[in-house]
Participant: 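Pasting a structure below so you can have a look.
First the proteins, then the strands, lettered A, B, ... as listed; each starts at 1.
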Amino acid sequence: MSAELRSNFLRTQIQDDLDAGRVSAVVTRFPPEPNGFLHIGHAKSITVNFGLAQQFGGQCHLRFDDTNPEKESQEFIDSIQEDVRWLGYEWHGEVRYASAYFEQLYHWALHLIDQGVAYVCDLSPEEARAHRGTLTEPGQDSPYRARSVSENRDLFVRMRAGEFSDGERVLRAKIDMASPNINLRDPILYRIRHADHHQTGNEWRIYPTYDFAHGQEDAIEGITHSICTLEFEDHRPLYDWLIANLPVPHQPRQIEFARLNTSYTVTSKRKLKQLVDEAIVEGWDDPRMPTISGLRRRGYPAAAIRHFCEEVGTSRSDGIVDVAMLESAVRDELNRHAPRAMCVMRPLRLILTNLTEPLELQVPNHPADPSFGHRELILTRELLIDAEDFREDANKHFKRLVIGKRVRLRGGLVIEAESCDKDGDGRIQCVYAQCVTSVPGEDPEDGVKPKGVIHWVSADHAVPATIRQYDRLFAVPDPGKSEDLGAVLNENSLTTNASAMIEPGLANAAPEAVFQFEREGYFVADRYEHQSQRPVFNMTIGLRDTWSDPNG
RNA sequence: UGGGGCGUCGCCAAGUGGCAAGGCAGCGGGUUUUGAUCCCGCCAUUCGGAGGUUCGAAUCCUCCCGCCCCAGCCA
């Protein structure tokens with residue numbers, strides 16, 4: 001394990017297992033059910049499982065826990081694989097499926113029946129619930145609990161054969177109806193479902209429950225550390241009971257950790273679906289969604305997501321991580337890897353009154369990394385600058401263009417504003433300025449330094465672009481606590497700007513290429529809609545802004 | 001009010017008997033052709049609370065308080 005990684009209880013326990021010789025190599029697994037899109041919480045699980053395997057020189061499997069065909073589909077299987085790969089991980093061997101083990105699981109169920117520790121129960125779901133007892137009262141034995149082995153066998157075989165209807169019977173483990181742990185009150189192992197399965201078609205009419213399937217899947221695959229979230233802790237006694245009562249080839253160990261929660265985010269499948277169904281967002285991969293595909297479309301680099309997951313750590317205490325931490329990881333990654341470019345969000349004409357000939361400029365693509373090279377920009381007599389970068393007059397805190405004052409045009413000359421035109425309503429239409437230097441990079445000869453630097457594009461060469469600017473989807477830090485999502489939405493989570501102007505090279509950006517638009521933030525060429533004839537950029541995240549204008 | 005967990009700085013989180021890492025956020029200052037980045041500095045005499053053991057406790061013991069999870073034929 002590499003030394004610079006912070007310790008956490010998982011790494012410590014696995015190292016202990018290795019040191020004590022309990023395991024000789026580490027095998028983990030990421031076991032999603034293919035019933036939805038992966039989100040930031042899954043990213044945490046992925047980095048934990050694949051990360052642990054990497055750190056200990058082991059392997060990590062991708063296994064679809066597809067035991068409930070009615071909720072699953074091939075669409076999700078495909079998207080999950082794409083997301084895992086995009087995050088930068090490759091599973092060991094082929095993709096695994098719980099459904100590939102159904103025959104083995106069935107035989108193990110028969111084994112439990114033969115051992116007298118599983119029985120077919122005819123109680124209806126309602127009756128079963130009534131027999132289960134409550135948190136404080138023990139349950140009652142099912143009247144079918146004492147069935148003979150041969151009768152149980154006969155019934156279970158017929159369950160498989162499809163002789164009974166959904167819900168008519170189940171197979172249960174015979175453990176202890178009085179256990180204070182409700183998961184041990186004769187848990188259900190198999191239920192009847194006359195439903196076709198996306199992998200096995202109509203081969204099965206009975207499907208194993210999570211509890212019966214998961215540990216045995218782990219055993220079959222030789223998983224050494226079966227890492228899951230805290231809510232499964234109560235299931236561990238059952239997990240261990242099944243492993244102990246079955247002739248499995250291997251004894252996996254379940255360890256639980258606290259799932260990742262981030263502020264201003266909702267990750268419940270139901271609520272995410274609601275956002276999509278009610279068209280509050282434009283789909284599962286809407287850039288405001290916390291899905292992996294949404295984060296990707298937003299321009300969040302996979303490396304930033306991985307670093308974030310590592311930085312928040314892995315523990316057993318519930319908490320809500322400030323989403324600012326994720327944003328920080330994104331900025332950190334992009335600051336180092338995104339080339340710089342210029343985009344004017346609210347164009348205002350600027351005429352350089354004394355510029356007689358266009359000036360060719362070589363502008364660096366990154367201020368701190370020469371390997372990014374430079375691009376050629378043409379400074380023309382008529383430019384477009386951001387309306388917010390000019391004021392007729394302003395106090396000394398305003399480090400932008402003011403009449404009679406100077407600024408430097410990014411990568412170009414220093415200019416001084418002379419005057420401006422206004423329309424009938426007093427709105428500024430055009431600014432006139434003169435160049436006070438003639439060579440890029442030079443300071444004015446009179447020693448009067450520019451107040452600041454502003455970005456610009458050439459009115460002759462700039463290309464119109466659509467820029468989507470995003471803000472948090474929710475207005476409150478804990479939207480998951482609210483049952484009414486509509487009440488906690490940030491109504492301004494999306495602002496579409498169809499009148500932005502970008503420097504010409506940007507139009508040819510590859511889909512998913514991320515740039516820093518200088519002084520604005522990071523923007524990604526939309527994965528699906530960006531075209532050189534019709535550029536579309538999504539705001540990934542704004543630059544950190546520690547400046548607040550004291551005068552509004 | 002049964003069972004299982006968890007409580008260390010505003011938010012995460014190391015630490016496992018020897019005298020409180022780090023990150024994020026925040027606050028000062030410096031550099032700067034991005035009000036960005038970068039750099040420097042500040043930010044828990046204290047570890048949910050109260051007792052106890054010990055030369056010494058966030059770490060061990062006792063009691064108390066708070067929060068989370070479990071009564072799907074979901075995972």
Participant: Remember a base hit wins even if backbone is also touched, and classify A/A324 as base, sugar-phosphate or nothing at under 4.0 Å, heavy atoms.
Facilitator: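 If one applies the 4.0 Å heavy-atom cut-off, A/A324 turns out to touch the sugar-phosphate alone, with no base involved.
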Participant: Please confirm whether any donor atom in the side chain of A/R544 sits under 3.5 Å from an acceptor in the base of B/U37, or the reverse.
Facilitator: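 There is none.
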Participant: Using the purine O4'-C1'-N9-C4 or pyrimidine O4'-C1'-N1-C2 torsion, is B/G4 syn (within 90° of 0) or anti?
Facilitator: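 B/G4: anti glycosidic orientation.
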Participant: Only pairs with both distances under 3.5 Å count, Watson-Crick or wobble alike; so what is the partner of B/G2 in this structure?
Facilitator: B/C70
Participant: Tell me the interatomic distance from A/I182, atom CD1, to B/A71, atom C1', rounded to whole angstroms.
Facilitator: 4 Å
Participant: Could you state the CE-P distance from A/M342 to B/U33, rounded to the nearest angstrom?
Facilitator: 16 Å
Participant: Would A/R253 and A/S226 satisfy side-chain hydrogen bond (donor to acceptor under 3.5 Å, both in side chains), going step by step from the backbone distance to the final call?
Facilitator: CA-CA 6 Å; A/R253 173 184 181 193; A/S226 182; over 6 Å; no
Participant: State which of B/G4, B/U33, B/A75 makes the closest approach to the side chain of A/R410.
Facilitator: B/U33
Participant: Between B/G3 and A/D234, counting only base atoms on the nucleotide and side-chain atoms on the residue, is there a donor-acceptor pair under 3.5 Å?
Facilitator: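 Counting by modelled atom types and ignoring angles, a donor-acceptor contact under 3.5 Å is found here.
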Participant: Looking just at side-chain N and O atoms, do A/Y522 and A/Q516 make a donor-acceptor pair shorter than 3.5 Å?
Facilitator: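 Side-chain D/A pair, A/Y522 to A/Q516: present.
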Participant: So what does A/G521 hit on the nucleic acid, given a heavy-atom distance under 4.0 Å: a base, only sugar-phosphate, or nothing?
Facilitator: nothing
Participant: Mind calculating the distance between CG (A/L171) and C1' (B/C73) to the nearest angstrom?
Facilitator: 12 Å
Participant: Examine B/A36: is either OP1 or OP2 under 4.0 Å from a nitrogen or oxygen in the side chain of A/R340? Give yes or no.
Facilitator: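 Answer no for this pair, as no side-chain N or O of A/R340 is under 4.0 Å from OP1 or OP2.
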Participant: Contact class for A/Y207 vs. all strands (heavy atom < 4.0 Å): base, sugar-phosphate, or nothing?
Facilitator: nothing
Participant: How would you label the contact of A/E327 with the nucleic acid (heavy atoms, under 4.0 Å): base, sugar-phosphate, or nothing?
Facilitator: nothing
Participant: Can you tell me which nucleotide in B/G5, B/G35, B/A36 comes closest to the side chain of A/W547?
Facilitator: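 Taking heavy atoms from C-beta onward, the closest nucleotide is B/G35.
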Participant: Identify the nucleotide, in any strand shown, that forms a Watson-Crick or G-U wobble pair with B/C55, with both distances under 3.5 Å; if there is none, say none.
Facilitator: B/G18
Participant: With sugar-phosphate meaning primed atoms plus P, OP1 and OP2, does A/T134 contact a base, only sugar-phosphate, or nothing at under 4.0 Å between heavy atoms?
Facilitator: base
Participant: Is there a side-chain hydrogen bond (donor to acceptor under 3.5 Å, both in side chains) between A/R259 and A/H42 once you walk through the steps?
Facilitator: CA-CA 9 Å; A/R259 64 161 10 104; A/H42 293 108; over 6 Å; no
Participant: So, is A/R331 near the phosphate of B/G23, with a side-chain N or O under 4.0 Å from OP1 or OP2?
Facilitator: no
Participant: Grab the NE2-C1' distance between A/H455 and B/G35 for me, whole Å please.
Facilitator: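 Value for this atom pair: 13 Å.
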Participant: When only distance counts, do a donor and an acceptor, one from the side chain of A/H131 and one from the base of B/A71, lie under 3.5 Å apart?
Facilitator: no
Participant: Measure from the side chain of A/R519, starting at C-beta and using heavy atoms only, and say which of B/A25, B/C74, B/U34 lies closest.
Facilitator: B/U34
Participant: If you take atom types as modelled and just measure distance, does the side chain of A/E520 reach the base of B/U34 with a donor-acceptor pair under 3.5 Å?
Facilitator: no
Participant: Name the nucleic acid region contacted by A/R336, choosing base, sugar-phosphate or nothing; use a 4.0 angstrom heavy-atom cut-off, strictly under.
Facilitator: nothing
Participant: Select one nucleotide: of B/C69, B/G35, B/C73, the one nearest the side-chain heavy atoms of A/R191.
Facilitator: B/C73
Participant: Using 4.0 Å as the upper bound for N to carboxylate O, is an ion pair formed by A/R185 and A/D176?
Facilitator: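 The answer is no: the pair does not qualify as a salt bridge.
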Participant: Would you call A/E310-A/R11 a salt bridge at under 4.0 Å N-O?
Facilitator: yes
Participant: Which residue pairs pass the ring-ring contact (aromatic ring centres under 6.0 Å, His included) test with at least one member in residues 313-346 of chain A, sequence neighbours excluded?
Facilitator: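 Every pair satisfying ring-ring contact (aromatic ring centres under 6.0 Å, His included) with a residue in residues 313-346 of chain A: there are none.
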Participant: Answer yes when A/R169 and A/D122 have at least one side-chain N-carboxylate O distance shorter than 4.0 Å, and no when they do not.
Facilitator: yes
Participant: Counting only side-chain nitrogens and oxygens, does A/R193 get under 4.0 Å of the OP1 or OP2 atom of B/C74?
Facilitator: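 Result: yes.
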Participant: When you measure only distances, ignoring hydrogens and angles, does the side chain of A/R400 come within 3.5 Å of the base of B/G35 through a donor and an acceptor?
Facilitator: yes
Participant: Under 4.0 angstrom, heavy atoms only, what part of the nucleic acid is A/T67 near: base, sugar-phosphate, or nothing?
Facilitator: sugar-phosphate
Participant: Starting at the 5' end of RNA chain B and moving along, which residue's nearest nucleotide shows up first, A/P208 or A/V453?
Facilitator: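 Nearer the 5' end of the strand: A/V453.
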Participant: With sugar-phosphate meaning primed atoms plus P, OP1 and OP2, does A/L123 contact a base, only sugar-phosphate, or nothing at under 4.0 Å between heavy atoms?
Facilitator: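 The residue A/L123 makes base contact.
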Participant: Using a 4.0 Å heavy-atom cut-off across all strands, classify A/E33 as base, sugar-phosphate, or nothing.
Facilitator: sugar-phosphate
Participant: In Watson-Crick or G-U wobble terms, both distances under 3.5 Å, what is the partner of B/G7?
Facilitator: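 B/G7 is paired, partner B/C65.
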Participant: Can you name the atoms? Protein N/O to nucleotides 9-18 of chain B N/O, anything below 3.5 Å, with the distance.
Facilitator:
| from | atom 1 | to | atom 2 | distance (Å) |
| --- | --- | --- | --- | --- |
| B/C11 | O3' | A/I320 | O | 3.2 |
| B/C11 | O2' | A/I320 | O | 2.8 |
| B/C11 | O2' | A/D322 | N | 3.2 |
| B/C12 | OP1 | A/I320 | N | 3.1 |
| B/C12 | O5' | A/I320 | O | 3.4 |
| B/C12 | O2' | A/V312 | O | 2.7 |
| B/A13 | OP1 | A/S315 | OG | 2.4 |
| B/A13 | OP2 | A/S317 | OG | 3.3 |
| B/A13 | O2' | A/R6 | NH1 | 2.8 |
| B/A14 | OP1 | A/T314 | O | 3.1 |
| B/A14 | O3' | A/S7 | OG | 2.5 |
| B/G15 | OP1 | A/S7 | OG | 2.2 |

Participant: For A/R132 and B/C73, is the shortest distance between a side-chain N/O and OP1 or OP2 below 4.0 Å?
Facilitator: yes
Participant: Establish, for the pair A/R160 and A/Y106, whether the NZ or CZ atom is under 6.0 angstrom from the six-membered ring centre and no further than 45 degrees off its axis.
Facilitator: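 Satisfied, under 6.0 Å and within 45°.
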Participant: Going by an N to O cut-off under 4.0 Å, is there a salt bridge joining A/E137 and A/R132?
Facilitator: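 No.
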